[in-house]
Q: 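Provided herewith is a single structure, encoded as structure tokens, for subsequent inquiry.
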Amino acid sequence: MRLLRFLIATCVTTVVHSKLLIDYKGGQDATTLGLLDMEAQELGDHVTAMSWDTVIIQAEEDSHLGVQCLHYKRTPHYRRAEVKALQHGGLQPNNKYYFGYSVRLSRASGGLVIFQWKKQDKDAEPQQNIPFELEFKGSVEGTNTLSLEYTTPGSDGSNRTSIWSGTFSTGSSTSNVHNIGFKLKRSGLCLWTGETYPKWGIYRGEAAAGSSDPDSWHTFNSYVYRVQVSDSSKSEVAESAGW
């Protein structure tokens with residue numbers, strides 16, 4: 001089991017409350033975590049009917065590890081299988097937050113994103129569509145390099161810089177289960193240029209229309225075992241964050 005720990009400093013003041021905002025356990029229905037967001041090949045081409053041949057997000061037992069999980073699957077020409085949460089006032093820019101996320105991926109390729117800190121209105125000034133995300137860097141044939149990408153506010157909102165990168169193994173064993181933890185706190189990077197919220201799942205890395213790439217390069221399975229969000233302390237998310 002690997003631990004990935006991040007300290008994300010934000011341009012906000014600090015107010016402490018005691019509340020576990022999300023406490024998702026594998027096997028619970030996906031709607032316990034948040035709202036499903038699935039798309040086919042094109043941006044905005046939303047999918048509502050799930051199928052093993054296209055895209056799914058469903059609670060089940062991880063057949064490799066024998067534990068309950070939330071299983072995300074995408075076939076090559078589907079770009080998004082995510083769950084979004086804490087929108088519309090669920091998070092406040094004058095607070096600090098602790099996130100924990102326990103996950104395994106069957107494989108990864110360059111461009112695949114497994115977490116987004118997303119701005120609700122990407123066109124609101126200063127533009128900052130995705131303040132930060134966890135994205136794999138490298139070949140579409142396969143990669144184990146995960147990068148934390150930060151978007152500088154302004155311009156067209158897509159001026160990204162890598163502020164951390166490391167190895168994130170993929171596969172079907174317990175050694176490929178990762179605990180990701182991070183804290184949003186005051187000063188440094190600006191992550192609150194408007195209403196923002198988290199998204200967990202698998203995004204981008206899809207095959208281009210008409211691509212002759214092998215299907216295996218762009219077929220992804222993610223197994224989420226635990227998600228926790230607290231506005232009180234890191235100890236409240238220790239089980240999923242691994243610290």
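Residues: numbered from 1 along the sequence shown.
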Q: Let me know which of V113, V103, V55, L112 forms a side chain to side chain contact (heavy atoms under 4.5 Å, CB included) with I202.
A: L112

Q: Here's one to test your reading of the geometry: is the NZ or CZ of R74 within 45 degrees of the ring axis of F220 and under 6.0 Å from its centre?
A: no

Q: Just so I know, are the side chains of E135 and R204 near enough to count as touching, which here means a heavy-atom distance under 4.5 Å?
A: no

Q: Roughly how far apart are K96 NZ and K183 NZ, rounded to 0.5 Å?
A: 4.5 Å

Q: Taking the hydrophobic residues Ile, Leu, Val, Met, Phe, Trp and Tyr, and joining any pair whose side-chain heavy atoms are under 4.5 Å apart, which ones share a cluster with Y197?
A: none

Q: Where do M50 and I57 come nearest, in terms of heavy atoms and distance?
A: SD-N, 3.1 Å

Q: Parallel, tilted or perpendicular for F115 and Y101, by the 30°/60° rule?
A: tilted

Q: Which heavy-atom pair separates L91 from T196 by the least distance, and what is that distance?
A: CD1-O, 4.0 Å

Q: Would you please name every residue forming a side chain to side chain donor-acceptor pair (under 3.5 Å) with T161, sequence neighbours left out?
A: none

Q: Within the side chain of Q128, is there an N or O that forms a donor-acceptor pair under 3.5 Å with the backbone of C190?
A: yes

Q: Minimum heavy-atom separation for I22 to A85, with atom names?
A: CD1-CB, 3.7 Å

Q: Scan T170, D62, N176, N221 and name whichever one has a side-chain hydrogen bond (donor to acceptor under 3.5 Å, both in side chains) with R104.
A: D62

Q: Supply the atom-to-atom distance R79 CZ to M38 CE, rounded to the nearest 0.5 angstrom.
A: 14.5 Å

